[in-house]
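Below, chain A is the first sequence line, B the second, and so on; all start at residue 1.
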Amino acid sequence: MASQCCPARITLDEWTRRYARLRADGLSEPGYGGPLERHVDDGDSRLLGLKFDNSPAALRLWNLLLTEEARLHEARARGATIVGVMKDLGTAAMVAWSIPNVVAFYPDGAWWTPCLTEQNSRVLAIADSLGLDESFCPVRAMVGAFVNGEHFPIPDLLVCSAGAVCDDFSAIAQRLEALGHPIVWWEMPRRRRPDPGEPAIELPGGGTAPAEQVRIVEAELRRIGRIMADAAGASLTEANLVEGIRRANRVRACLRELRDLVFLADPCPMPALEILIAEMLAIHYCSDYDESLAVIEGLLTETKRRVAAGLGVLEPGAARIFWVNPVADLRVMNIVEDIGGRICGTDYMILHAIDAIPEDVLPWQALARTALADPLVGSASDRAERICRDAVRYHAQAVVVSRIPGASHCATEGAAIRELLRDRLGIPVIEIEVPSITDAVEAGLRTRLQALVEAARRERA
Amino acid sequence: MFGVIQTCPCVPVEWIEAHGVQASRRIPAVTTGSSGLPEAGVCPFARAFTEHVLAAGDGIIAIFTTRCDQMRRMYDAVVSRGRSAFLLNVPATWQTATAEQMFAAELERLGRHLQTVGSHALDRERLLAACDRAAVQGLSCADDASGRVRLAVTGGPLPTESGFEDLVNATGARLVLDCTECSTRMRRGEIDRDRLMEAPAHELARAYLAMPVIHQRPNHRFFAWLERELTEARVQGLIVRRYVWCDVWHAEVRRIADEAGVPVLDLQVNGDDDAAEPRTATRIGGFVEMLQRAASSPKWSSTCECG
């Protein structure tokens, strides 16, 4: 059957031909399904330069991702309250999704628009015109998207975390407010280690925080929960929240199982690009909870099949690379695999959206613990410790710290992560910077990654 | 007895003094040099303060704050090098009871920390006296009736050794208003003395949260303050002096230019040493000449000078 051919990474052209065969074989798709090339016609021209997994599960994943804007517009048309949650990447969206008739999404995701449209969307040019030039993180594209209104519908309510957040995002969000988009700000304190004798609470992912900080975050989440519910003309009961947490945990558990299976199997059963996008589904369900769960379950089923059959998309023994920070240009995930590497572990800044939310404590406290577990809210050394644990767990042979151009946290945390990993693990660690479009620097990136792969292979030998 | 050094005006020195510790605000000059700290992407002022801390002798506790990601992460760099430091979580929000509670709890935590290294417990009378006496550093900025172009400056910390005021004077202009992080803008609100005695941490937190600070969310109070003060001081041109890689100020330049009501010079600086001076002087000189021409032209119009 065409649906179960050998796993491979294929181009968009190849997907066009494959799609025709799948349809002829009776492929069943959800309403947002269809051939991938139609998204190029919609402006996502970067797809022409990418390689994709060839499974129907991956097709569904890409179609879900690339139809999100349409889905948001449909939600607006049917009268749902649209909440734009910003920066915290996981928890505030989960609260919003627990409220009846609310659709929540992270406008931060617009940071990939310049990549996908290869800058044809002009969102960065708009940001430039507002004084937010390329010295800022590519998330400045979000402001462009709000100004031209050509992407997502303008949310009915905007909620944004402040405090222990990167400077550029905070400043960009503040500019957005000044441009006429009111924002409800909520405080995210910089997570610290408890002082000796201070009551401490365990967080998902293995860290701890002072009980006092958990109380602060709980109070803030309750406040924004009330505001979001009021905006929706609905109520947010504790029962809603408990159910919301249960649903979130279902997605998270499925995603964790997928990641573990992919990262530990050899040959690599599912490409890095699809796993990156799958991880991102956890933060706001790509504006459709049921479909996100179905997509992740589909990827998991396909991955299990491949692992059981000893099949993979890459050669066995590809150099095992742990990747830190999401890439502004999706193509880099292909490049890693092109030069003999494979991603064996990740910290895409959203681990707190993948770890299980505790269900044995009261829901608001559970969410506060989850929010405080954000790897960027604490120290670089805390983040490095977790990366170290995961790198060991997934048998990483090398680590890449991918700098996001202009991101304030990237200026210093890379050095901290590098030092700790080299000391503890003795494996090669490099920092690279990945802009939104890497075409002009691809040769240099390939060289550096190739050198890392070779160093990893030497260590292994 | 140890001492405390800090650079952020949001650190209540009164609180530190009320624990019997001398607090010293340092605004080191920013020089380009090598210290082993990262440079690319790092605010030069954050790096300079950190270098200053690392060079300080034993018996000094450095207080960093969370007002910007750069400083927050410089605290990590200091601690990783085994130096004694404290990170004061200054809220970005200010409109909620939670913000005041959080800041008050942080002050109490700071007090406990000071006691673990040898200070005494909070002395309320000493706190009151310190509040009465607290002064804010800043540029001299006397009024000027000479007819020279009247300038204001805003932006990040302005070291006194930077020679900035002299540079401005040399162009024939005069600084009549300091709106930087070192100015009277960074003065806490009035203290309610009764509440201070009753709930000292909370009252001090409330007063400090009243500052119109650019990092706050939302930060419209800064803009309201700026507009009022620029008008009152009859400022003709505003210099936004910001450090390279300081996103907090960089992102606001355009808005400042839109709302200030006077021409604005966006002055990005990397340091205060001799290498930087000619460029800074040229930029300011050009701005002043433009203002002088515009002031003498019958078709005067307010423009934004950015870049």
Side-chain angles (χ1 to χ4, degrees), chain A residues 129-133 135-137 140 160-175 177-179 182-183 185-190 192 195-196 198 210 212-213 215-217 219-220 223 376 379-382 403 405-416 419-420 433, chain B residues 37-43 46-47 66-77 79-80 87 89-99 101-102 105-106 109 112-113 116 214-220 223 244-259 266 268 306:
Chain A
S129 73
L130 296 168
L132 300 172
D133 61 26
S135 68
F136 291 91
C137 165
R140 65 197 178 100
C160 185
S161 60
V165 305
C166 51
D167 290 336
D168 37 337
F169 190 95
S170 179
I172 287 164
Q174 178 61 80
R175 283 288 278 134
E177 185 178 57
L179 289 169
I183 291 176
W185 302 95
W186 61 280
E187 189 77 34
M188 170 57 77
R190 192 268 197 188
R192 59 177 174 85
D195 291 331
E198 186 177 15
E212 174 192 298
Q213 287 195 319
R215 274 196 297 275
I216 288 166
V217 176
E220 287 292 86
R223 180 172 66 87
L376 263 65
S379 68
S381 58
D382 279 355
R403 288 173 69 125
S408 57
H409 63 96
C410 291
T412 50
E413 69 170 2
E419 278 172 34
L420 189 138
E433 185 162 288
Chain B
L37 291 169
E39 292 195 16
V42 176
C43 165
R47 194 175 64 245
T66 55
R67 280 184 61 211
C68 68
D69 199 20
Q70 298 270 3
M71 277 296 190
R72 186 163 63 238
R73 293 179 183 277
M74 282 292 121
Y75 163 80
D76 290 343
V79 165
S80 72
L87 182 64
N89 235 320
V90 177
T93 57
W94 52 273
Q95 297 168 306
T96 64
T98 300
Q101 282 159 15
M102 175 180 150
E106 278 294 283
R109 187 173 72 91
R112 289 194 297 273
H113 181 76
T116 64
I214 196 106
H215 88 279
Q216 286 174 341
R217 298 291 176 254
N219 67 1
H220 55 260
F223 288 88
V244 66
W245 299 118
C246 175
D247 295 324
V248 174
W249 281 100
H250 186 184
E252 301 288 7
V253 170
R254 194 55 60 94
R255 185 181 169 194
I256 291 172
D258 289 342
E259 298 187 22
D266 178 18
Q268 178 180 282
C306 284

Chain A shares the most heavy-atom pairs under 4.5 Å, among B:Ser80, B:Ala77, B:Pro218, B:Ala97, with B:Pro218
Using non-hydrogen atoms only, which part of A:Ser161 is less than 4.5 Å away from chain B: side chain, backbone, both, or neither? neither
Okay, B:Glu259 and chain A: the region with an atom under 4.5 Å from a heavy atom over there is neither
Does any backbone or side-chain atom of B:Trp245 lie under 4.5 Å from a heavy atom of chain A? Answer side chain, backbone, both or neither. side chain
Identify which part of A:Arg223 has an atom lying under 4.5 Å from any heavy atom of chain B, answering side chain, backbone, both or neither. side chain
Would you say that B:Met74 contacts B:Val42 through its side chain, given a criterion of any heavy-atom pair below 4.5 Å between the two side chains? yes
Please confirm whether the backbone N or O of B:Asp69 pairs with a side-chain atom of A:Asp167, one donor and one acceptor, at under 3.5 Å? yes
Could you tell me which of B:Gln70, B:Arg255, B:Glu252, B:His250 has the largest number of non-hydrogen atom pairs under 4.5 Å with chain A? B:His250
Can you list the residues that meet the side chain to side chain contact (heavy atoms under 4.5 Å, CB included) rule with B:Val79, with sequence neighbours excluded? B:Tyr75, B:Ala85
Segment of A:Ser408 engaging chain B (4.5 angstrom heavy-atom cut-off): both
Any B:Arg72 side-chain heavy atom under 4.5 Å of B:Leu87 side chain: yes
Chain B contact via A:Ala162 - which portion, at a heavy-atom distance below 4.5 Å: both
When you compare the side chain of B:Thr98 with that of A:Trp186, does any pair of heavy atoms fall below 4.5 Å? no
Of the backbone (N, CA, C, O) and the side chain (C-beta and beyond), which part of A:Ile216 lies under 4.5 Å from a heavy atom of chain B, both, or neither? both
Who among B:Pro91, B:Gly41, B:Cys246 has the most heavy-atom pairs with chain A under 4.5 Å? B:Pro91
Max heavy-atom pairs within cutoff under 4.5 Å with chain B, candidates A:Cys160, A:Gly163, A:Ala219, A:Pro405, goes to A:Gly163
Working to the nearest 0.5 angstrom, can you tell me the gap between A:Ser379 OG and A:Glu413 CD? 10.5 Å
Side chain to side chain contact (heavy atoms under 4.5 Å, CB included) for A:Arg175 and B:Arg254? Distances and angles first, verdict last. CA-CA 9 Å; A:Arg175 283 288 278 134; B:Arg254 194 55 60 94; 3.7 Å; yes
Check whether any side-chain heavy atom of A:Pro189 lies under 4.5 Å from a side-chain heavy atom of A:Val217, and answer yes or no. yes
Give a yes or no answer on whether the side chain of B:Arg217 reaches the backbone of A:Trp185 with a donor-acceptor pair at less than 3.5 Å. no
Interface moiety of B:Asn219 toward chain A, non-hydrogen atoms closer than 4.5 Å: both
Quick check for you: among A:Ile183, A:Ile172, A:Asp133, which has the greatest number of heavy-atom pairs under 4.5 Å with chain B? A:Asp133
Which portion of B:Thr96 sits near chain A, non-hydrogen atoms under 4.5 angstrom: side chain
Part of A:Leu376 lying under 4.5 Å from any heavy atom of chain B: both
Using heavy-atom distances under 4.5 Å, tell me whether A:Glu419 contacts chain B through its side chain, its backbone, both, or neither. neither
Taking the side chain as C-beta and beyond, is there a heavy-atom pair between A:Glu198 and A:Glu212 under 4.5 Å? yes
Which portion of A:Arg403 sits near chain B, non-hydrogen atoms under 4.5 angstrom: side chain
Check each atom of A:Glu187 against the heavy atoms of chain B and say whether the ones under 4.5 Å are side chain, backbone, both or neither. both
Check whether any side-chain heavy atom of A:His409 lies under 4.5 Å from a side-chain heavy atom of A:Phe169, and answer yes or no. no
So, the side chain of A:Gln213 versus the backbone of A:Arg192: is there a donor-acceptor pair under 3.5 Å, distance only? yes
Whatever's closer than 4.5 Å to a heavy atom in chain A on B:Ile214 counts as neither
